[in-house]
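Residues take their numbers from the sequence shown, with the count starting at 1.
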Amino acid sequence: MAHELEIVNGNAQMAYVGDVPWHGLGTKVEADLTPGQFQKVAGLDWEVTKEKLVTPQGAIVKNKEALVRTSDNSVLDVVGTGWNPVQNSEAFEFFHDYVMAGDMEMHTAGSLKNGQLVWALAKTKESFELFNGDLTENYFLFTNPHQFGKALNIRMTPIRVVCNNTLTLSLSQDTDKMVTVNHRKAFDAAEVKEQMGIAREKMEQYKSMAQFLGSKPATGDNVIQYFNEVFGAPAKEKVDGVMPYTSRNAKTAMENLQTQPGANFAEGSWWQAFNSVTYMTDHLQGREGDSRLQSAWYGRNRKVKLNALDKALEHAEAA
């Protein structure tokens, strides 16, 4: 089966700390590596240059350039002449001061889509525990795309430890916007770090949301309608006295409500219902673990989870 993770000479271009992620792909490393060392082990110690496009007849294509990877001279994409590549080393250097100060530690890094999407995930010191053992830890996800139309971005990424469910949260008031840097200007690490300063406040907000969801009971029909809303459309009426499912995913979410990892925390609440959605998107959907990773962090399922959180809060407020 095809992998979203880049495979070079039989090895996945990914390094990780701790338990083996995503079906054993990648190279395990110790937690005390510097960001630069982490970059090298992950197979990301290459640069991107811009080269002119030339037709077979030797004519130069105006206003277009190719993004070329130095390690194998492969063309990652074609961009305009005003597009500024951010090197992988800049992405890893971004974390250097945090790691050296003991505020973060590198956790995972890798390459998706044949090098077009490079990411680094660093664990912070912020975390919270609710419901007598339900621990959520915070991470920063730094994504450096070598692809036209994609902006460099940094996202706050809480991960629920009991099930490794992820959520990429905004560092702005707009839930669909992250800290982003357009490739039409040079990357300014100091400016981005200043924007990241509100992350602790955002983590407290997420803790309050989780606590609120865990305090509100979720009843049968309401939970079915919730899953219908998240994965399709709400049912218009009951059929033979039973609320129907409007999609297979809604039915699967209900089937996993009581069996998902961490189902014992805040059982019967909207926190349990919300986490059934994140468990499905992160661990059950898709044929490969890395394709789920791609969708959960960057694709359709990222938006599904954000919508699921909003819908859960709406139902909890009405409970």
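Looking at Glu204 and Arg200, no side-chain N of the basic residue comes within less than 4.0 Å of a carboxylate O on the acidic one, giving no salt bridge.
With a 4.5 Å cut-off on side-chain heavy atoms, Leu306 and Leu169 count as touching. Between Leu257 and Phe227, the closest side-chain pair of non-hydrogen atoms falls below 4.5 Å. Between Arg160 and Asp134, the closest side-chain pair of non-hydrogen atoms falls below 4.5 Å.
When Asn164, Asn165, Thr166 are each tested for a side chain to side chain donor-acceptor pair (under 3.5 Å) with Asp282, only one passes: Thr166.
Looking at every heavy atom in both residues, His315 comes nearest to Asn222 through CE1-O, 4.1 Å. Looking at every heavy atom in both residues, Leu112 comes nearest to Gln294 through CD1-OE1, 3.5 Å. Scanning both residues, Lys238 and Pro244, for their nearest heavy atoms gives CA-CD, 4.1 Å.
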Decide yes or no on side-chain contact (heavy atoms from CB on, under 4.5 Å) for Lys216 and Glu317, but give the supporting numbers first.
CA-CA 8 Å; Lys216 296 294 182 176; Glu317 287 170 357; over 6 Å; no
Steps toward side chain to side chain donor-acceptor pair (under 3.5 Å) verdict (Asn264, Glu267)
CA-CA 5 Å; Asn264 55 305; Glu267 190 171 4; over 6 Å; no
Please step through side-chain contact (heavy atoms from CB on, under 4.5 Å) for the pair Gln285 and Asn249, ending with a clear verdict.
CA-CA 9 Å; Gln285 293 182 334; Asn249 284 335; 3.3 Å; yes
Please assess Gln147 against Lys113 for the test side-chain contact (heavy atoms from CB on, under 4.5 Å), listing each intermediate value before the final yes or no.
CA-CA 10 Å; Gln147 186 179 10; Lys113 303 173 75 172; 3.9 Å; yes
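Note that the CZ atom of Phe92 and the NZ atom of Lys40 stand 13.5 Å from one another [nearest 0.5 Å]. The distance from the CH2 atom of Trp297 to the CH2 atom of Trp119 is 5.5 Å, given to the nearest 0.5 Å.
Ring-plane geometry between Phe131 and Trp271 is classed as tilted, the angle between the planes lying from 30 to 60 degrees on a 0 to 90 degree scale. Aromatic ring orientation, His107 versus Tyr139: perpendicular (interplanar angle above 60°, classes split at 30° and 60°).
Checking Glu47 against Thr49 by side-chain atom types alone, no donor-acceptor pair falls below 3.5 Å. A donor-acceptor pair shorter than 3.5 Å can be found between the side chains of Thr124 and Glu126.
If you look at Trp270 and Tyr226, their ring centroids are closer than 6.0 Å.
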